[in-house]
Amino acid sequence: MSYNTFGHMFRVTTWGESHGPAIGCVIDGCPPRIPLDVSDIQPWLDRRRPGQSKFTTQRQEADQVEILSGVFEGQTTGTPISLLIRNTDQRSRDYGDIATRYRPGHADVAYDTKYGIRDYRGGGRSSARETAMRVAAGAVARKVLGAGVRIRGAMVQVGPHGIDRAQLDWDLVNANPLFCPDAQALPVWEDYLADIRKKGSSIGAVIEVVAEGVPPGLGAPIYGKLDSDLAMALMSINAVKGVEIGEGFAAASLTGEENADPMRMEDGRLRFASNHAGGVLGGISTGQPLVARFAVKPTSSILTPVPSVTREGENVDVMTKGRHDPCVGIRAVPVGEAMIACVLADHLLRHRGQVGS
Ligand SMILES: Cc1cc2nc3c(=O)[nH]c(=O)nc-3n(C[C@H](O)[C@H](O)[C@H](O)COP(=O)(O)O)c2cc1C
């Protein structure tokens, strides 16, 4: 049994704990002769890196990736690609308090109940530190997909504050620390998050990821549906509590006429007049942009005491000191993009395996 691996032909296994010496991943199935070096991976990790603004955890990690295998003279060889990031800013003492006290909303109680042992330092394996390796694998996946596929994510809601879709500007996303695509929403979010942070509290968010240039035909009927694999991949990210494709839950309040994406042939090419489906029909990509959203819960580690229990069954109140993101949705943006890249790379290779290119 392996629960640390996902994907079929582009297969990613991650390993490591938050406060261990290092974290890493192994990517098996990457095609050979793809140019790859650290500079293809590092910029994506830098976007996820903690300690970059007052709105994310002040843990300082360089997140410097090393390629240990699978690359020779700047090209992938078709053998397993092993990537490693050394942990450099582990402060286990911040977590001594929660060695025996379960943080409400975190994985502590579930891990202990299941395994009877857990590395409590920074949450161990349940820490989102693991998501750095997803971002690294996502960078390799982007190389497999090629420059024709563009995957971009943005935060579209923070707490009660959503964006105005008419203002959506993708160029703004990488120019601000909140991955906000709406110039008017940005100052509102900054003030709101500064207040949340000051109170030692936290808040949830919604992230949208759009993949353009996805070729039609990726995904397979029934148990190989592209949308079900996307949902699994996004739902596997720490703190994600909801996933939508296309209209998502809003489709429930649409009529058939409103939800249908009309089709016409134009200049010998199939054209859709809208994209309520989010780029997938019958589990197979249509060639339209793939649109996925996911909801991230508020960070469970907060300074307000919350009733909880200890390992020994004692009633206590738990407040979590240490360094935490007031809104983990911010750093989940690059992670969501990476998971979509990995799923698309996997399905591209699976499609080639069955149907050819
Ligand atoms: C990028 C990112 C950073 C996170 N940072 C923290 C954090 O600083 N403190 C915390 O309590 N949870 C954090 N989380 C969420 C926990 O990892 C997550 O809630 C925990 O593993 C329990 O899993 P679940 O929420 O999916 O049930 C983060 C999540 C993400 C995606």
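For ligands, and for the atoms within them, numbers begin at 1 and follow the listed sequence. Atom set for the values below is all heavy atoms of this structure, side chains included, hydrogens, waters and symmetry mates excluded.
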Checklist entry - Purely on distance, is any nitrogen or oxygen of Thr299 under 3.5 Å from one on ligand 1? => result no
_For the CZ atom on Arg152, are there more than 12 heavy atoms of other groups (residues, nucleotides or ligands in this structure) within a distance under 6.0 Å?_
yes
- Flag, side chain of Asp164 to backbone of Ala185, donor-acceptor distance under 3.5 Å: no
Taking only non-hydrogen atoms of Asn238 and a 4.0 Å limit, the atoms of ligand 1 in range are 16 (C), 17 (O), 18 (C), 21 (O), 26 (O), 29 (C), 31 (C)
Those residues at least two apart in sequence (or on a different chain) that pass side-chain contact (heavy atoms from CB on, under 4.5 Å) with Glu244 are Phe249, Arg293
*Under 3.5 Å, N or O to N or O, is Ser301 touching ligand 1 that way?*
yes
Here the atoms of ligand 1 under 4.0 Å from any heavy atom belonging to Ala128 are 2 (C), 3 (C), 4 (C), 17 (O), 28 (C), 29 (C), 30 (C)
One finds that the ligand 1 atoms under 4.0 Å from a non-hydrogen atom of Ser300 are 11 (O)
Task: Pair Arg49-Asp63, salt bridge (charged side-chain N to carboxylate O under 4.0 Å, His left out): steps then yes or no - done: CA-CA 7 Å; Arg49 198 155 45 88; Asp63 279 359; 5.8 Å; no
Using distance alone, determine whether Ala239 and ligand 1 share an N or O pair under 3.5 Å.
-> yes
Ligand 1 to Lys297, heavy atom cutoff 4.0 Å, flagged ligand atoms 19 (O), 24 (P), 25 (O), 27 (O)
Under the 3.5 angstrom rule, does the side chain of Trp189 hit a backbone N or O of His161 as a donor-acceptor pair?
yes
His106 meets the side-chain contact (heavy atoms from CB on, under 4.5 Å) criterion, sequence neighbours left out, with Arg103, Asp108, Ser126, Ser300, Ser301
